[in-house]
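Structure first, commentary second.
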Amino acid sequence: MGERDQDLERWFIRRGVPHFIDDYQPTTDIWTRTIPVLGVAYLLGGLNALDLRQWTWQKNVTVGLLVVLTLVAGWMLINRIRGHRAWSLPDVVGTPELAVFLIGPTLPTLVLGQWADAFQSLLSGAGVLVLVYVLTSYAVFALLGWALRRSARQLTALASLVVRALPLLLLFTTFLFINAEVWQVAGTLHGIAYVAVLGIFFVLGAVFVLFRIPGVMRGLATFPDWPTVHEAASGTPAERLQLPADGEPPPYPLGARQQINAALVAVFSQGLQITFVALLLTGFFILFGFLAIPAGTAVAWTGDDVRVLFDLRLDGRTLVLTEPLMRVSGFLGAFTGLYFTVLLSTDATYRDEFADDVQPQIRQALAVRVAYLWHRSH
């Protein structure tokens with residue numbers, strides 16, 4: 001693979017579209033990039049065999065050393081079976097390595113008769129693999145960084161958009177904020193139930209955004225001639241490639257993973273802007289509630305005792321920051337994010353602004369992909 005190919009592939013990863021890379025394989029391109037994380041999770045899973053409450057520190061240290069030795073020995077064994085040096089880091093992480101990652105940490109707990117801990121280690125390991133695969137495969141952190149930098153450059157346009165939508169949002173949500181039923185519902189939610197309710201708003205908002213993706217993608221992946229590709233790929237490593245000056249580029253249809261990756265670019269870009277609006281409204285409600293809602297009112301609205309997190313005496317009045325206030329503010333902030341998402345998806349003016357904002361970014365990545373695939377095949 002040439003140096004320019006590597007430059008292009010690094011550009012794809014930085015832009016959050018690693019699946020645009022040709023022959024992008026989990027065994028060589030995904031798991032190998034996460035070996036340090038998997039190694040730490042591998043050791044921590046094995047140390048689940050320790051019992052810090054019941055055992056003495058001497059026994060915990062002894063068992064911990066034995067666990068580490070067992071896990072290291074298992075890793076060395078799989079390296080030897082694969083024909084590598086015992087201490088080498090693999091350049092290919094396939095089924096044998098992943099099986100050792102899952103099964104290895106359960107062996108110490110099984111030897112000690114801790115069946116529940118062994119099952120917990122197995123489930124934790126599977127969860128780590130799924131999370132690591134999703135985050136690494138789709139370059140989520142790189143995509144998030146790109147979206148943050150881009151959103152920072154779009155603050156002026158976003159502020160204009162928010163100013164136009166904010167009056168209606170405030171009128172609608174402020175009425176809900178001073179409604180006792182909302183405090184009885186959101187102010188008394190705790191733990192997983194509260195997180196699940198906020199998660200529902202997030203999922204619904206993501207669904208609204210995803211429904212718009214086919215319309216945004218329509219026509220973006222089609223380039224009638226090579227000058228169009230040159231123009232769209234300007235300012236990227238692809239402009240240094242020797243591409244045809246005229247003619248029609250060959251079709252390079254997007255697979256399912258490439259389509260998902262392109263959709264994530266739009267979701268992250270718009271999702272960050274919607275999150276900014278939701279956080280802005282959450283902060284407004286916290287401040288408004290701190291100034292206007294006394295503890296007695298919070299007790300009356302929730303029908304329960306409230307925990308005061310912070311209080312301030314000001315001009316003969318005690319201002320309080322309570323747990324129900326934080327929960328209600330977060331609830332209405334998430335609800336506002338969903339409302340703003342629906343507004344962007346249904347209002348033609350807002351929808352066109354967001355589409356015009358994200359389409360050039362997706363089209364540029366698609367143009368670079370066309371140039372990259374043509375270069376690899378010639």
Side-chain angles (χ1 to χ4, degrees), residues 144 147-148 151-152 154-155 158-209 267-268 270-347 350:
L144 181 60
L148 283 171
S151 295
Q154 299 283 336
L155 280 179
L158 178 60
S160 174
L161 191 62
V162 171
V163 165
R164 282 192 287 153
L166 199 56
L168 183 60
L169 287 173
L170 283 177
L171 180 64
F172 181 66
T173 53
T174 301
F175 173 77
L176 293 175
F177 182 73
I178 58 175
N179 190 297
E181 283 77 9
V182 174
W183 282 71
Q184 291 170 3
V185 173
T188 57
L189 284 174
H190 295 271
I192 296 177
Y194 182 74
V195 174
V197 169
L198 298 189
I200 290 174
F201 292 140
F202 171 80
V203 171
L204 289 176
V207 169
F208 276 108
V209 174
V267 169
F268 268 75
Q270 298 181 18
L272 281 176
Q273 298 175 359
I274 294 168
T275 300
F276 172 78
V277 175
L279 292 176
L280 182 66
L281 268 293
T282 299
F284 166 78
F285 286 125
I286 291 175
L287 178 61
F288 177 64
F290 177 67
L291 295 174
I293 309 296
T297 302
V299 170
W301 283 352
T302 60
D304 197 1
D305 293 334
V306 300
R307 180 185 175 190
V308 176
L309 304 175
F310 175 75
D311 63 84
L312 175 66
R313 191 74 178 172
L314 181 65
D315 196 24
R317 177 186 176 93
T318 301
L319 308 180
V320 293
L321 181 68
T322 64
E323 278 192 1
L325 171 61
M326 299 295 292
R327 295 194 193 100
V328 171
S329 299
F331 175 86
L332 289 179
F335 181 78
T336 300
L338 173 61
Y339 181 82
F340 193 61
T341 304
V342 175
L343 182 66
L344 293 174
S345 301
T346 56
D347 187 279
Y350 297 137

Given side chain to side chain contact (heavy atoms under 4.5 Å, CB included), test Phe177 with Leu325 step by step and report yes or no.
CA-CA 10 Å; Phe177 182 73; Leu325 171 61; 3.6 Å; yes
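- Residue Leu309 comes nearest to Glu323 through the heavy atom pair CD2-CG, 3.8 Å, listed as atom of the first residue, atom of the second, then distance.
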Applying side chain to side chain contact (heavy atoms under 4.5 Å, CB included) to Phe335 and Leu176, what does each step give before you reach the verdict?
CA-CA 11 Å; Phe335 181 78; Leu176 293 175; 4.0 Å; yes
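- Of all non-hydrogen atoms in Leu312 and Phe310, the two that sit nearest each other are CB-CE2, 4.1 Å.
- Annotation for Ala278 and Gly333: closest pair CB-O, 3.3 Å, computed over non-hydrogen atoms.
- Between Thr322 atom OG1 and Arg307 atom CZ the span is 11.0 Å, to the nearest 0.5 Å.
- Around the CZ atom of Phe290, the shell of radius 6.0 Å holds more than 12 heavy atoms that belong to other residues, nucleotides or ligands.
- With rounding to the nearest 0.5 Å, the separation of CG in Leu291 from CZ in Arg317 is 8.5 Å.
- The main-chain N or O of Thr188 is never found under 3.5 Å from a side-chain atom of Trp183 such that the two would form a donor-acceptor pair.
- Under a cut-off of 6.0 angstrom, the local environment of OH in Tyr194 is crowded, with over 12 non-hydrogen atoms contributed by other residues, nucleotides or ligands.
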Evaluate side chain to side chain contact (heavy atoms under 4.5 Å, CB included) for Phe331 paired with Val197, printing each intermediate quantity in order.
CA-CA 8 Å; Phe331 175 86; Val197 169; 3.7 Å; yes
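- Side-chain contact check for Thr174 versus Phe285: some heavy-atom pair is nearer than 4.5 Å.
- Nearest heavy atom pair, residue Ala295 against residue Val320, reads N-CG2, 3.5 Å.
- Counting only distance, with no hydrogens or angles, the side chain of Thr297 and the backbone of Ile293 share no donor-acceptor pair below 3.5 Å.
- The minimum heavy-atom distance linking Leu332 with Thr173 is given by the pair CD1-O, 4.0 Å.
- A pairwise comparison of heavy atoms in Pro324 and Thr302 identifies CB-CG2, 4.0 Å as the closest pair.
- For Leu338, the side-chain contact (heavy atoms from CB on, under 4.5 Å) partners at least two apart in sequence or on another chain are Phe201, Leu204, Phe208, Val342.
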